[in-house]
Structures are given as structure tokens and as C-alpha cells.
Number of protein chains: 2
Amino acid sequence: MDATAIVTELALKARAASRSLSTATGEQRSKALLGIADEIDKSSDFILAANAQDMARAQSEKMHPQTQDRLLLTAERIKGISSGVRQVAELENPLGKIIREKDLPNGLHLEQRTVPFGVVGMVYEARPNVSVDAAVILLASGNAALLRGSSSAAASNAALLKVMRDALAKTSISPEVIQLVPSDDRATVKALLHARGLVDLVIPRGSASLIRMVVDEATVPTIETGAGVCHVYVDEFADLSIALPILINSKTHRPSVCNAAETLLVHSKVAEEFMPVALKALKDAGVIIHCDETTLAIAKKNNVEATLATDENWCTEYGVLEMNVGVVGSVDEAIDHIAKFGTKHTEAIVTQSREVSDRFIAHSDCAAVMVNTSTRFTDGEQMGFGAEIGISNQKLHARGPMGLEAMTTTTWVVTGTGQIRS
Amino acid sequence: MDATAIVTELALKARAASRSLSTATGEQRSKALLGIADEIDKSSDFILAANAQDMARAQSEKMHPQTQDRLLLTAERIKGISSGVRQVAELENPLGKIIREKDLPNGLHLEQRTVPFGVVGMVYEARPNVSVDAAVILLASGNAALLRGSSSAAASNAALLKVMRDALAKTSISPEVIQLVPSDDRATVKALLHARGLVDLVIPRGSASLIRMVVDEATVPTIETGAGVCHVYVDEFADLSIALPILINSKTHRPSVCNAAETLLVHSKVAEEFMPVALKALKDAGVIIHCDETTLAIAKKNNVEATLATDENWCTEYGVLEMNVGVVGSVDEAIDHIAKFGTKHTEAIVTQSREVSDRFIAHSDCAAVMVNTSTRFTDGEQMGFGAEIGISNQKLHARGPMGLEAMTTTTWVVTGTGQIRS
């Protein structure tokens with residue numbers, strides 16, 4: 001069967017099965033998730049054996065060690081996966097909520113209720129745990145899942161899906177709500193992205209180039225994730241004692257994640273006092289520095305190695321211990337710089353001035369503005385969503401960390417007694 | 001300049017100007033809209049003269065009378081346009097609302113606030129009033145507007161835009177927030193649809209083929225509108241006295257609009273009593289009927305002309321006084337038929353049984369479910385939104401009638417006192 005036929009068949013199976021999921025109660029879905037968690041724990045050896053196949057192939061193909069590490073499952077990581085599933089099982093049912101409600105003068109009663117999205121595709125790279133993390137968030141929100149992982153994790157993903165489906169087989173929810181889209185044929189990705197009408201939504205998780213490809217290629221609605229050129233702006237009215245920890249945390253806590261900061265901007269009025277401190281702390285943390293002329297002079301004076309930043313530097317998401325640093329004359333300059341080089345993800349300001357932070361917020365156009373705190377808080381778990389399928393970097397539908405709620409849509413239910421339009 | 005350069009320039013102008021709009025207060029925006037309404041009234045002759053140019057060309061090109069009527073502006077229609085603007089000016093400011101709010105254990109305060117989408121493109125056909133209707137909804141929600149109307153309405157649209165911009169020039173809001181995308185070059189549509197990053201959203205209004213083209217072609221996020229193959233299902237537990245008015249209203253009140261019903265399904269248990277009545281009423285209203293075998297027999301017995309429906313009939317949005325009619329054995333059969341042939345727009349059920357209506361709602365996958373009322377109520381004004389930029393037929397971002405709120409997105413504002421991730 002060609003890729004389109006394969007994906008069509010899987011999507012139709014998932015759609016047919018999704019009724020058993022969307023009509024289940026929240027409690028039944030939760031129980032099913034707990035069953036999945038138990039099945040994962042019981043099947044640890046089975047999963048590890050499959051993963052060993054993938055790891056062997058990865059090693060023989062001399063895969064980059066960092067990528068191998070993303071591919072690797074261990075007994076402990078598997079415990080982390082099942083633990084994550086149990087967390088999602090505890091979350092509040094996002095379905096059947098009444099978002100808006102009104103009674104019209106003509107007697108009609110309106111309710112806007114949350115309903116499942118339907119059939120959702122995930123296109124992701126390397127990390128096999130995404131197979132489970134994403135699947136359970138989708139199940140908890142009443143959605144069927146088509147999982148298209150990386151070919152490098154083929155055996156691991158297949159094993160994880162089998163375990164999840166085995167668990168579902170013991171419930172009233174059809175195991176067909178989770179489908180593995182074969183990763184041996186590159187064409188299945190495109191087929192999934194073009195399955196408009198059969199698939200309701202596709203979410204990419206992975207590198208910037210994967211996300212770009214998915215968003216450009218898809219005719220199925222997508223939610224763009226990733227792409228974080230995030231900024232920390234230290235204002236003239238900043239409390240410098242908190243500015244430094246916020247800066248270092250934003251850059252170095254986990255540099256590979258999209259919410260890590262890539263650029264530091266410092267108001268000229270505090271540059272003399274703060275910049276040397278900041279530069280030395282970044283250097284001590286092993287951060288490679290690119291900066292503007294003003295900062296370069298300060299760096300030289302303080303024996304901190306730095307190079308002059310190009311326009312390309314300012315819009316680069318390094319993903320490692322590397323950062324851009326610059327001085328600005330005002331909050332408006334910071335705003336303009338961010339508007340030019342940012343990716344609308346997370347922008348942080350350190351200031352004690354309410355007027356300045358309000359202005360910064362009003363002129364920002366991003367998923368999250370952090371006032372006096374680290375950019376690393378743009379995170380579903382940190383923000384109390386309980387789970388996160390990804391961080392949306394677009395404006396449509398969901399913005400910022402996406403929990404169960406983002407995987408729902410709405411239906412208006414209008415109830416009357418025979419009213420008609422005159 | 002080629003089309004891409006033109007659109008890029010307009011989008012950049014609109015983006016730069018949009019700050020004057022998003023930072024204006026709700027009151028300032030409302031006042032600006034009232035000014036636009038006044039300017040439209042004062043400029044009626046100017047607008048009519050431009051429209052006369054379009055009409056003359058339409059007549060010389062022997063444009064279809066129905067399309068000519070959509071193109072035509074009169075003094076009365078212009079009054080209707082300005083009246084619509086004043087209505088939008090009265091609507092509640094949709095910006096700066098707090099959708100979600102929480103305090104985290106670590107002391108961080110979270111607020112999810114509504115903010116403008118940014119720069120929104122409208123691609124629309126024929127009717128010049130859309131230039132104003134759409135523009136003011138976008139302005140009221142803080143968005144800059146790129147308006148790409150039909151070449152047949154070029155002079156009318158240009159005149160309306162000039163009037164709106166002249167009005168804005170008297171306010172603190174830059175007239176550059178409304179831009180006319182030239183319609184003399186077909187390539188400007190594609191350029192607009194590909195202006196990802198410069199334009200935040202594109203909304204199509206018009207024929208099914210226009211909508212299809214926009215959705216397939218765009219890399220800019222879109223909201224799919226239109227496409228309404230809506231159903232009225234008369235259940236075995238229906239109150240037949242309201243079923244007939246609901247049916248006739250749903251089909252004939254305004255057959256060309258997306259929320260008009262295209263198919264009637266009747267439960268076999270009430271077919272004997274209701275079908276003859278329904279068929280005769282449809283015939284009297286001038287509705288051409290396509291139906292299944294069972295209904296055809298009833299039609300013949302009652303001297304109602306009808307033809308056998310093909311699969312193509314069942315999924316056709318006629319847009320005129322034409323309808324499909326069928327008999328089903330159960331609500332589940334109705335549900336399955338709708339799942340197969342519907343476009344997820346509006347589905348109506350007439351029943352007194354709560355159990356049946358609940359089941360119908362639970363198994364529906366559409367923007368609106370009507371229980372004991374006409375499909376014609378899927379309408380922003382009817383539902384009390386005050387204005388409607390279109391009816392979304394997709395699941396992402398907005399579903400059903402789209403008012404001001406649909407033209408906003410959100411930003412998380414996280415406020416702390418120096419918190420960092422450990």
C-alpha cells in the first residue's frame with residue numbers, strides 16, 4: 001500500500017474508534033490511563049529490549065551521542081514515563097465544560113461547550129517518551145492519536161504503542177484510538193500532513209527544520225511549536241540583585257529548550273554597574289558571548305572574551321551555552337529589538353517600575369511575558385497545567401504551553417422550543 | 001513592483017501603524033469607529049459614484065444579475081453599512097481581558113490576557129460592504145487590516161477605504177492600519193497568503209472555491225469559513241407542530257447562506273405522518289427535491305415531484321431552493337449520515353426526548369447543534385455577538401460565528417519577585 005493509503009486507513013480506524021473515547025466518561029478515561037501506566041511498568045523489560053534494538057542500530061550508524069541519549073530508554077526513564085501518565089490521569093476532565101452561556105430574548109438557550117478535537121497527529125523526532133506523553137494527553141482530552149515518530153526509534157515506539165493498546169484492550173475504549181504511523185517510509189509524514197478531513201490537527205515536536213517542514217507542507221491544521229529566541233531585558237529601574245539569577249537561570253538552566261534565553265539587553269543607565277557582573281557570570285557558566293560594540297568594550301575591560309554580533313547572531317536560537325548581549329538606551333529600544341529579532345515566544349523584563357513593565361507588556365507580541373522572573377517558566381508543568389503537549393509559538397488556537405484544554409475545540413448547543421428566524 | 005513586494009510593503013506599513021491601534025484605549029477605538037460611520041454617511045455620493053463605475057463595467061461585461069446585485073451599492077445600503085459600524089462601536093472592548101488567572105506555590109502570579117491578533121488579511125468576493133464590515137471588526141479588536149477584495153468592486157472598495165482612512169486621520173490612530181491590497185493583479189492574493197510572519201491571519205469570505213483556494217494555498221494561518229451542508233433531523237419523538245416551521249425556515253429563509261439546511265432526515269416512525277406534510281410544504285415553497293427510495297414513493301403518492309438522490313446530492317451545498325430528503329431508522333442512522341455527508345457546520349434535531357438530543361449532541365462534530373430550532377440561528381448577530389466577521393467551519397481557534405473575541409489571541413503575563421527554576 002502506498003503511504004497515502006496507509007495513512008488513510010489508520011486515520012479512518014482511529015476516527016471510527018474515537019467514538020468509544022469521546023463518549024466515555026472522564027472517569028473511564030482516567031482509569032484507562034492508570035491502566036496504561038501499570039502496563040508500562042509491567043512491560044519494562046519488553047520496552048527495554050526493543051529500545052536496545054534501536055540503540056544498537058544507532059551506535060552502528062555512529063549517531064551523535066547527544067541524539068543517542070535522547071533515544072535511550074532506561075528502567076528509570078520508563079518509570080518516569082509511567083509516572084507522567086499517572087499525573088495526566090489525575091487531571092481535571094477538559095471536556096463538556098461550558099465556556100459561554102446565554103439566554104436570548106427569543107427564548108433560545110446557548111451553550112458553548114468543549115469537545116474533543118478529533119483525530120490528532122503527532123510528528124516527532126528521536127525521544128520515544130513523546131509517544132506516550134503525547135498519546136495520553138490526547139486520550140485524556142478525548143482525541144484519537146496518530147503517532148509518527150522517528151525511524152531511529154521505530155522499535156521503541158512500536159513497543160510503547162503495543163503496550164498502550166494492550167492496556168486499552170482491557171477497557172471499554174478501543175485500542176484503535178492510538179495508531180502508529182510507520183516510520184520506515186518518509187512519505188508517510190507528507191501523507192499525514194495532507195490528510196485534511198481525515199486528521200483534524202497535526203502537532204510537530206522536534207527541531208526547527210522539522211517544525212518548519214510540517215508547518216509549510218501541511219494542509220491539515222497545525223500548531224507551530226518551538227522556535228524560541230527569547231530575551232532578558234534588564235531595565236534602568238531593575239532590581240539588579242534579582243537580575244543576575246534571572247539571567248543565568250534563563251540562559252543556563254536548560255539551554256536546549258525553547259524557553260531558554262538567547263539574548264540579554266541591558267539599559268545603558270545600569271550597564272556600567274550590571275554589565276561587568278553579567279558578563280563575568282556568563283563566562284563562569286561557560287557561555288560563549290556575542291555582543292554589540294558598547295558591550296564589547298566593557299567585555300574587553302573585564303577580561304571577558306566576546307565577539308562582535310552580526311544580525312544573524314541576534315536572531316539565532318543557539319540552544320547551547322551561547323548568548324547575545326547588547327546595551328539599549330530605553331525600554332522602547334528593547335521593545336523594537338525584540339520585535340525585530342524575537343520569535344514571539346518568551347520575553348522577560350527585570351524592572352521595579354510598573355509603568356515600564358506595563359509598557360513592555362503592551363508592546364510585546366509573544367506567548368509569554370515574564371516580569372521579574374526567568375524565561376524558563378514558560379512551561380506547562382511549571383504553570384500548573386499538569387501536562388504539556390508542547391509550547392505553541394503561534395497565535396491561532398493556543399499560545400504558550402499547551403495542556404489538555406488546548407487539545408479541545410468547542411461546539412455551540414442551541415436549545416429552543418421551535419423558534420425560527422423572521 | 002511585483003505582487004510580493006507590494007504586499008510586503010503594505011504589511012509592514014500596517015504592522016508599524018498597528019501600535020497606534022493596540023495601545024489606544026477601547027474608548028478611543030470606539031470613537032474612531034463612530035467617526036468612520038459619520039464619514040461614510042457624509043461621503044455617500046462619493047461612494048456611489050465609485051460604485052457606478054464598477055456597475056457600468058459589470059453591465060458591459062454582462063455580469064450575472066445576482067452577482068451584479070451583490071456588487072450594487074445604494075444610498076440605503078450605505079446607510080446600512082454605517083449603521084453596522086455604529087453597532088460595532090458599541091461593543092465591549094475584547095482586549096485586555098483576563099481569561100485565566102492563578103497564583104503558583106512559588107509566588108508567581110499568572111494572567112492569560114487577550115491581545116490583538118496583529119495584522120489580519122481578508123480575501124473576499126463581490127460585496128463591497130465586506131470592506132467596511134470586516135475592517136471595523138478588526139479595528140475594534142485592535143488589528144490592522146489588509147483588505148483584498150474582488151477586482152469587480154475595485155472602485156467601490158478603494159472609495160470605502162479612502163473614506164475610512166480619512167476618518168482615522170482625524171484620530172490618534174494611524175490611517176495606515178487599513179490597507180487596500182490591489183485587486184488588479186491576481187498575484188496579490190497569493191502574495192498575501194504567503195506573507196507568513198508579515199501577516200498573522202487570513203480570513204476568506206466568498207464562494208466555496210475561493211475558500212478552498214485560500215486554505216490550500218496559504219502558509220499564513222487561516223480560518224476556514226463557509227461550507228454548510230446542514231441537516232434537519234426530525235426524530236421519532238419530535239413535536240411535529242414545530243418540525244415543519246423549523247424545516248421551512250432552515251431551508252427557505254435565506255437559502256444562499258452557509259447555515260441554510262440542505263438535507264432533511266425523518267425518522268421512519270414519523271415518516272408516514274410527517275413526510276407528506278413536509279414534502280408538500282417544500283414544494284409549495286418552490287424547493288426542488290432529491291430523495292431516497294422510501295421518500296420517493298411517498299412523494300409520488302402525494303403528487304410531489306422529486307428525483308432519486310445520488311451520493312453527490314447528499315453532500316451538495318445547493319445554496320438555492322433545492323434540498324435532499326431521506327428517511328432513517330434511528331437517531332444513530334441520522335448521526336452516521338451526517339458524519340458522512342455533513343461539513344461540520346450546523347446540524348439541527350427536532351425531538352422532545354432529552355436522551356435522544358443528548359446522544360445527537362454527543363455524537364455530533366460540528367460548529368453548532370440546534371435542538372428544536374432553525375439552523376439559521378448560527379449567526380453572530382442572532383447569537384448576541386453584535387457583529388460577525390464570518391462563520392468558522394474549522395476546529396482550530398474559533399468555531400461557529402466569529403465576533404470580536406475571535407480576532408484576539410492571548411499572552412501570558414507572569415509576574416514574580418526574582419523566582420528562578422531550581
Side-chain angles (χ1 to χ4, degrees), chain A residues 19 22-23 102 104 108 110 112 115 117-118 200-201 215-216 219 221 223 239 241-242 245-246 248-250 253-254 357 361-374 376-379 382-384 394-397 399-401 409-421, chain B residues 19 22-23 102 104 108 110 112 115 117-118 200-201 215-216 219 221 223 239 241-242 245-246 248-250 253-254 357 361-374 376-379 382-384 394-397 399-401 409-421:
Chain A
R19 201 173 278 184
S22 61
T23 50
K102 54 168 81 171
L104 299 184
L108 287 180
L110 273 58
Q112 184 182 28
V115 297
F117 225 93
D200 297 300
L201 179 67
V215 167
D216 285 348
T219 53
I223 296 185
D239 173 354
S241 72
I242 64 171
I246 287 171
I248 297 303
N249 193 253
S250 299
H253 185 253
R254 253 191 96 184
S357 64
I361 292 165
H363 289 261
S364 289
D365 182 13
C366 54
V369 177
M370 299 294 170
V371 182
N372 295 326
T373 188
S374 167
R376 288 278 296 131
F377 281 109
T378 304
D379 176 290
Q382 289 296 312
M383 289 170 70
Q394 69 183 34
K395 300 187 182 191
L396 204 63
H397 188 73
R399 203 171 193 200
T409 181
T410 56
T411 290
W412 282 96
V413 178
V414 180
T415 312
T417 51
Q419 288 86 341
I420 59 173
R421 294 277 297 267
Chain B
R19 201 173 277 183
S22 59
T23 51
K102 54 167 82 171
L104 300 184
L108 286 180
L110 273 59
Q112 185 182 28
V115 297
F117 225 93
D200 297 300
L201 179 68
V215 167
D216 286 348
T219 53
I223 297 184
D239 174 352
S241 71
I242 63 171
I246 286 171
I248 297 303
N249 194 253
S250 299
H253 184 252
R254 252 190 97 183
S357 64
I361 292 166
H363 289 262
S364 290
D365 182 12
C366 54
V369 177
M370 299 294 169
V371 181
N372 294 327
T373 188
S374 168
R376 287 279 294 133
F377 281 109
T378 304
D379 177 290
Q382 289 295 312
M383 290 170 70
Q394 68 182 38
K395 301 187 183 192
L396 205 64
H397 187 73
R399 203 171 194 201
T409 181
T410 56
T411 290
W412 282 98
V413 178
V414 180
T415 311
T417 50
Q419 288 85 341
I420 59 172
R421 294 277 298 268

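Reminder, nothing fancy here: chain letters follow the sequence lines and each chain counts from 1.
Most heavy-atom pairs under 4.5 Å with chain A: of the set G400(B), S357(B), G384(B), A367(B), this distinction falls to A367(B). When the candidates V215(A), D239(A), I248(A) are compared by the number of heavy-atom contacts under 4.5 Å with chain B, V215(A) comes out ahead. The greatest number of non-hydrogen atom pairs below 4.5 Å with chain B, out of P245(A), S374(A), S250(A), G418(A), is found for G418(A). Heavy-atom pairs under 4.5 Å with chain A peak, among D216(B), T23(B), V115(B), L108(B), at L108(B). Interface remark: of the candidates L110(B), L396(B), T219(B), I223(B), L396(B) forms the most heavy-atom pairs closer than 4.5 Å to chain A. Options V414(B), L201(B), T378(B), L104(B) differ in how many heavy-atom pairs under 4.5 Å they form with chain A, and the most are formed by V414(B). Counting heavy-atom pairs under 4.5 Å between each of M370(A), R254(A), H363(A) and chain B puts H363(A) at the top. When V369(A), T410(A), I242(A) are compared by the number of non-hydrogen pairs under 4.5 Å with chain B, V369(A) comes out ahead.
The distance from atom CD of Q112(A) to atom NZ of K102(A), rounded to the nearest 0.5 Å, is 10.0 Å. Taking CH2 of W412(A) as the reference point, atom CE of M383(B) lies at 4.5 Å (rounded to 0.5 Å).
Both the backbone and the side chain of I420(B) come within less than 4.5 Å of a heavy atom in chain A. For N249(B), the part sitting under 4.5 Å from any heavy atom of chain A is the side chain, from C-beta outward, and nothing else. Both the backbone and the side chain of V413(B) come within less than 4.5 Å of a heavy atom in chain A. For R421(B), the parts lying under 4.5 angstrom from a heavy atom of chain A are both the backbone and the side chain. Using a 4.5 Å cut-off between heavy atoms, I246(A) contacts chain B through both its backbone and its side chain. For chain A, the nearby part of T417(B) is the backbone; its heavy atoms alone come within less than 4.5 Å.
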Verdict with reasoning, T373(B) to T415(A), per side chain to side chain contact (heavy atoms under 4.5 Å, CB included): CA-CA 7 Å; T373(B) 188; T415(A) 312; over 6 Å; no
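Taking D365(A) as the reference, K395(A), R399(A) meet the side-chain hydrogen bond (donor to acceptor under 3.5 Å, both in side chains) condition, with sequence neighbours excluded.
In this structure a side-chain-to-backbone donor-acceptor pair under 3.5 Å is present from T411(A) to C366(B).
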